[in-house]
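Chain identifiers are assigned alphabetically (A, B, ...) following the order of the sequence lines, protein sequences preceding nucleic acid strands; residue numbering begins at 1 within each chain.
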Amino acid sequence: MRGIAPLVGQSVSHVIIRHPTLRWPIPSHLVETLPHARLNRLTRRAKYILAAFNNAEGVHIGTLILHLGMSGRICLLAQDEAAAKHDHFDIHFADCQVLRLRDPRRFGAVLWSDGHEGVADHPLMKTLGPEPLEPDFTGEYLYRQLRNKTAAIKIAIMDSHLVVGVGNIYASESLFRARINPKTPANKVNKAKCDLLVAEIKATLASAIEAGGSSLRDFFGADGNPGYFQQTYFVYGRTDEPCRECGAPISQIKQGQRSTFYCAECQR
DNA sequence: AACGAGACCTGGCAGC
DNA sequence: TGCTGCCAGGTCTCGT
């Protein structure tokens with residue numbers, strides 16, 4: 001979202017939909033709706049980028065909802081250039097800048113929320129849990145939410161209805177930092193550990209944001225440059241490598257069909 | 001209500 | 001060189 005901030009205030013000239021079938025179909029009416037509209041504000045909720053547009057008279061007309069899925073990337077081009085294989089969606093602006101969505105796996109989404117109801121009322125936003133970095137995400141809140149859950153704690157903190165933003169990498173990393181075994185039934189995590197886990201989720205995400213996001217094969221910032229340090233993880237992707245704390249080999253298991261990494265010595 | 005599995009889709013890589 | 005099988009950042013939907 002920060003990468004496309006230079007587009008705020010710009011007017012749309014035209015929209016190109018090349019491959020409309022992402023996770024959900026890209027609304028075809030965007031081709032008529034967006035031209036002449038002005039990008040008024042960029043915000044974020046969970047992993048959705050929200051782009052609010054005004055019409056030429058300055059009246060709010062609706063909000064574009066963008067999600068990058070697993071492999072999505074937003075490119076901000078200074079001017080038009082030839083589209084590549086997985087470039088599915090463009091917004092061309094009057095000053096010749098182009099916002100381009102590239103997403104090989106097409107798990108991402110481009111949706112539209114009408115101006116008549118706030119984007120917060122969109123079905124996908126309605127059921128989301130709190131933002132992890134906001135003050136309402138507390139140990140007390142987490143502890144209460146876990147009371148009736150028998151699923152593993154790692155599965156629980158990745159549930160966006162409980163808290164948003166904790167993906168597969170940072171779930172493993174946060175649990176290591178809190179010294180909690182990812183297999184622990186959620187309702188067996190005590191209040192003190194919930195306090196610690198919330199603090200470590202906040203610290204893990206905050207430092208990842210500081211580093212500019214995770215350096216992954218097909219993710220780059222909007223300008224196309226990684227522009228940040230390669231992050232070093234405590235456990236993620238470090239199967240059989242020595243724990244940075246105790247030297248024991250890092251374990252890899254499957255939970256909910258996703259890989260989990262942890263240190264069996266440090267995380268009891 | 002909560003849980004687990006399946007679904008969506010492409011590309012990269014290891015092994016044969 | 002080519003094939004097969006497995007892996008990958010997310011999260012909705014469905015059956016139990």
Side-chain angles (χ1 to χ4, degrees), chain A residues 1 3 18-26 44-50 65-74 83-89 101-111 122-132 142 144-175 182-189 201 204-205 207-209 211-222 226 228 230-240 250 252-261:
Chain A
M1 188 193 75
R18 296 191 187 77
H19 194 149
T21 57
L22 301 184
R23 176 142 206 214
W24 297 283
I26 300 176
R44 179 196 57 74
R45 176 75 173 102
K47 293 179 180 175
Y48 299 97
I49 293 171
L50 307 175
I65 302 172
L66 294 173
H67 196 292
L68 299 180
M70 301 263 257
S71 57
R73 161 184 174 178
I74 287 175
K85 188 172 180 188
H86 300 293
D87 293 343
H88 307 310
F89 178 75
L101 177 68
R102 175 175 301 172
D103 186 2
R105 292 178 73 179
R106 290 191 273 123
F107 290 170
V110 177
L111 298 169
H122 190 280
L124 289 175
M125 309 289 134
K126 269 276 189 212
T127 58
L128 293 174
E131 290 286 331
L142 180 62
R144 255 186 291 116
Q145 292 296 309
L146 298 184
R147 283 316 82 216
N148 54 352
K149 295 197 187 300
T150 56
I153 183 64
K154 195 244 190 179
I155 302 288
I157 61 173
M158 287 182 68
D159 179 356
S160 63
H161 304 108
L162 199 158
V163 60
V164 302
V166 183
N168 199 41
I169 294 175
Y170 300 125
S172 284
E173 291 295 300
S174 302
L175 287 165
K183 292 185 286 191
T184 310
N187 60 8
K188 295 280 168 50
V189 178
I201 288 172
T204 300
L205 293 177
S207 69
I209 291 168
S214 295
S215 184
L216 293 156
R217 246 197 323 283
D218 43 8
F219 178 87
F220 295 91
Y228 42 74
Q230 173 76 45
Q231 279 186 80
T232 64
Y233 297 125
F234 284 108
V235 290
Y236 183 83
R238 300 192 62 243
T239 313
D240 295 333
I250 298 301
Q252 176 176 0
I253 59 171
K254 282 273 192 252
Q255 291 182 290
Q257 315 181 94
R258 316 290 305 278
S259 286
T260 298
F261 303 88

Would you mind reading off the distance between [X] atom [atom1] and [N] atom [atom2], rounded to a whole angstrom?
X	N	atom1	atom2	result
L128(A)	dG10(C)	CG	C1'	13 Å
I209(A)	dG9(C)	CD1	P	19 Å
L146(A)	dA1(B)	CG	P	18 Å
M125(A)	dT11(C)	CE	P	10 Å
H161(A)	dA2(B)	NE2	P	11 Å
L22(A)	dG9(C)	CG	P	20 Å
D103(A)	dT10(B)	CG	C1'	9 Å
D87(A)	dC9(B)	CG	P	19 Å

Distance-minimising heavy-atom pair for [X] and [Y]:
X	Y	result
A152(A)	P182(A)	CB-O, 3.4 Å
H88(A)	D103(A)	NE2-O, 2.8 Å
R238(A)	Y233(A)	CD-O, 3.2 Å

Would you indicate whether the side-chain heavy atoms of E173(A) and V235(A) approach each other to under 4.5 Å?
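With C-beta onward as the side chain, the pair touches.
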Any side-chain heavy atom of R23(A) sitting closer than 4.5 Å to one from H67(A)?
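No - every pair of side-chain heavy atoms lies 4.5 Å or more apart.
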T260(A) and Q255(A): side chain donor to acceptor below 3.5 Å
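On atom types as modelled, these side chains qualify, holding a pair under 3.5 Å.
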Return the nucleotide paired to dA7(B): Watson-Crick means purine N1 to pyrimidine N3 with N6-O4 or O6-N4, wobble means G-U with N1-O2 and O6-N3, both under 3.5 Å.
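In the structure as shown, dA7(B) has dT11(C) as its Watson-Crick or wobble partner.
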Residue matched to dC16(B) through Watson-Crick or wobble contacts both under 3.5 angstrom:
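Check on dC16(B): paired to dG2(C), both distances under 3.5 Å.
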Does the side chain of [X] get closer than 4.0 angstrom to OP1 or OP2 of [N] through an N or O atom?
X	N	value
Y170(A)	dG9(C)	no
Y233(A)	dG9(C)	no
S259(A)	dA8(C)	yes
R258(A)	dC7(C)	no
H86(A)	dT10(B)	no

Pairwise [atom1] distance, [M] and [N] [rounded to whole Å]:
N	M	atom1	answer
dC9(B)	dC14(C)	P	16 Å
dG6(B)	dC6(C)	P	14 Å
dC3(B)	dG9(C)	C1'	23 Å

Identify which nucleotide among dC12(C), dT11(C), dA8(C) has an atom closest to any side-chain atom of H67(A), counting heavy atoms from C-beta outward.
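Of all the options, the side chain of H67(A) is nearest to dT11(C).
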Which of these, L101(A), L22(A), I74(A), sits in a side chain to side chain contact (heavy atoms under 4.5 Å, CB included) with F89(A)?
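Option passing the side chain to side chain contact (heavy atoms under 4.5 Å, CB included) with F89(A): L101(A).
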Going through the distances and angles, do S259(A) and K254(A) end up as a side chain to side chain donor-acceptor pair (under 3.5 Å)?
CA-CA 5 Å; S259(A) 286; K254(A) 282 273 192 252; 3.1 Å; yes
Summarise how protein sits on nucleotides 3-8 of chain B as a single string, 5' to 3': B when a protein heavy atom is under 4.0 Å from the base, S for sugar-phosphate-only contact, - for no contact.
S-BB-B
